Amino acid sequence: MDNPYIALGSLLAISALVLLNWLLGGWSRAKMTTKDQAIARYGQDFWEQTPNEAVLDQEGRAALLTLSGTSALGLVVAQGGHFITRHLDVHSLRAVQKDGDSGLVIQLQDFALPRIRIILETPKQQDLWHDRLTMLVHQKHPMPTPRTKGAA
């Protein structure tokens with residue numbers, strides 16, 4: 001770029017638009033206040049699954065859900081002003097670790113959402129959900145071989 005004033009003007013214009021949006025109140029972070037909100041949001045994307053139990057993180061920015069009839073779990077995470085959902089199964093989880101007294105760090109096989117940190121209310125909740133997630137991480141499904149494929 002030959003003229004640095006063009007780049008500077010573009011940067012100032014974009015900054016002014018972001019500031020104006022923020023000042024007018026058009027920019028708010030998404031937050032869940034109840035477990036029912038998390039269940040409803042998950043149901044919008046995965047309507048064929050029935051959540052049983054949900055736990056919110058302390059900030060209301062994420063929720064984990066158990067699902068009927070499967071060992072898979074549901075995840076609802078706030079990203080900016082919206083919520084995104086993920087179906088967590090053996091193929092989507094990379095690792096899970098405890099973080100402090102009641103936190104969890106969940107690593108996904110997802111380029112758009114590789115890592116989530118959730119702070120739960122109690123160490124008991126941390127242990128319960130850590131065990132559920134760890135069970136999914138460590139499940140092994142044998143790949144079919146020509147000898148076992150279609151065998152009864």
Side-chain angles (χ1 to χ4, degrees), residues 10-11 14-15 17-152:
S10 298
L11 180 65
I14 291 170
S15 299
L17 288 173
V18 169
L19 179 64
L20 182 63
N21 189 21
W22 180 73
L23 289 173
L24 293 174
W27 202 350
S28 61
R29 295 180 71 184
K31 186 176 181 177
M32 293 173 279
T33 55
T34 67
K35 294 176 185 179
D36 289 337
Q37 285 177 322
I39 290 169
R41 180 59 189 94
Y42 187 81
Q44 288 176 354
D45 291 341
F46 297 97
W47 52 268
E48 72 281 1
Q49 297 173 348
T50 306
N52 290 327
E53 178 186 349
V55 64
L56 294 177
D57 81 329
Q58 288 185 350
E59 297 177 351
R61 306 271 304 148
L64 289 166
L65 302 95
T66 60
L67 305 172
S68 292
T70 181
S71 62
L73 301 171
L75 174 69
V76 180
V77 180
Q79 291 283 37
H82 303 282
F83 291 104
I84 59 172
T85 57
R86 294 292 187 266
H87 178 81
L88 304 180
D89 61 15
V90 67
H91 304 292
S92 61
L93 285 169
R94 181 178 299 155
V96 61
Q97 301 164 345
K98 291 184 179 182
D99 183 26
D101 290 336
S102 60
L104 294 173
V105 175
I106 304 167
Q107 295 177 359
L108 303 176
Q109 302 276 9
D110 188 336
F111 179 76
L113 187 67
R115 184 176 182 268
I116 299 118
R117 184 170 181 259
I118 296 175
I119 305 298
L120 302 173
E121 289 183 17
T122 66
K124 185 177 178 181
Q125 283 182 336
Q126 178 195 40
D127 291 339
L128 174 67
W129 288 93
H130 179 265
D131 291 347
R132 288 174 176 169
L133 289 160
T134 300
M135 184 176 70
L136 286 175
V137 170
H138 295 298
Q139 279 181 353
K140 302 291 183 208
H141 294 294
M143 295 298 292
T145 64
R147 289 185 192 155
T148 61
K149 190 175 183 181

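Residue indices begin at 1 and follow the sequence shown. All values reported here derive from a predicted model rather than from experimental measurement.
The 12-atom threshold is exceeded at CD of E53, counting heavy atoms of other residues, nucleotides or ligands nearer than 6.0 Å. Heavy atoms from other residues, nucleotides or ligands lying under 6.0 Å from CZ of R117 number 12 at most. Heavy atoms from other residues, nucleotides or ligands lying under 6.0 Å from CG of D131 number more than 12.
The shortest non-hydrogen separation linking R94 to Q109 is NH2-OE1, 3.3 Å. In terms of heavy atoms, A30 sits closest to A78 at O-CB, 3.7 Å. Taking all atoms of both residues into account, the shortest heavy-atom contact from L67 to N52 is C-ND2, 3.8 Å. Across every non-hydrogen atom of M32 and A38, the tightest pair is SD-CB, 3.5 Å. Here the closest heavy-atom approach between residue P51 and residue Y42 is recorded as CG-CD2, 4.1 Å.
With rounding to the nearest 0.5 Å, the separation of NE2 in H82 from CD1 in I84 is 11.5 Å. Here R29 contributes atom CZ and Q79 contributes atom CD; the two are 10.0 Å apart, rounded to the nearest 0.5 Å. Atom OG1 of residue T70 and atom CG of residue D89 lie 7.5 Å apart, to the nearest 0.5 angstrom.
Between the side chain of D57 and the backbone N or O of A62 there is at least one donor-acceptor pair closer than 3.5 Å. Side-chain atoms of S68 come within 3.5 Å of backbone N or O of T50 as a donor-acceptor pair. Although no hydrogens or angles enter the test, the distance criterion places a donor-acceptor pair under 3.5 Å between the side chain of Q126 and the main chain of G103.
Here K98 pairs with D127 in a salt bridge; the nearest charged N to carboxylate O distance falls below 4.0 Å.
Residues L93 and L108 are in side-chain contact: their nearest non-hydrogen atoms beyond the backbone lie under 4.5 Å apart. For the pair V96/H130, a side-chain contact is recorded, criterion being any heavy-atom separation below 4.5 Å from C-beta on. With a 4.5 Å cut-off on side-chain heavy atoms, V55 and I118 do not count as touching. Here the side chains of L64 and L133 are in contact, with some heavy-atom distance below 4.5 Å. Using a 4.5 Å heavy-atom threshold, the side chains of T66 and L73 count as touching. Between F83 and Q44 the shortest side-chain heavy-atom distance does not fall below 4.5 Å. Under the 4.5 Å side-chain criterion, counting only non-hydrogen atoms from C-beta, S92 is not in contact with D110. When side chains are defined from C-beta on, I39 does not count as touching V76, because their heavy atoms never get closer than 4.5 Å.
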Inset, instruction - Please report the C-alpha distance between R115 and Q107 in whole Å, then the side-chain angles of each, then the deciding distance to 0.1 Å, and finally whether the side-chain hydrogen bond (donor to acceptor under 3.5 Å, both in side chains) criterion is met. - result: CA-CA 4 Å; R115 184 176 182 268; Q107 295 177 359; over 6 Å; no
Inset, instruction - Step by step, work out the side-chain contact (heavy atoms from CB on, under 4.5 Å) result for I119 and E59. - result: CA-CA 8 Å; I119 305 298; E59 297 177 351; 5.8 Å; no
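With S71 as reference, L136 is the one residue of L136, V90, L88 to meet the side-chain contact (heavy atoms from CB on, under 4.5 Å) rule.
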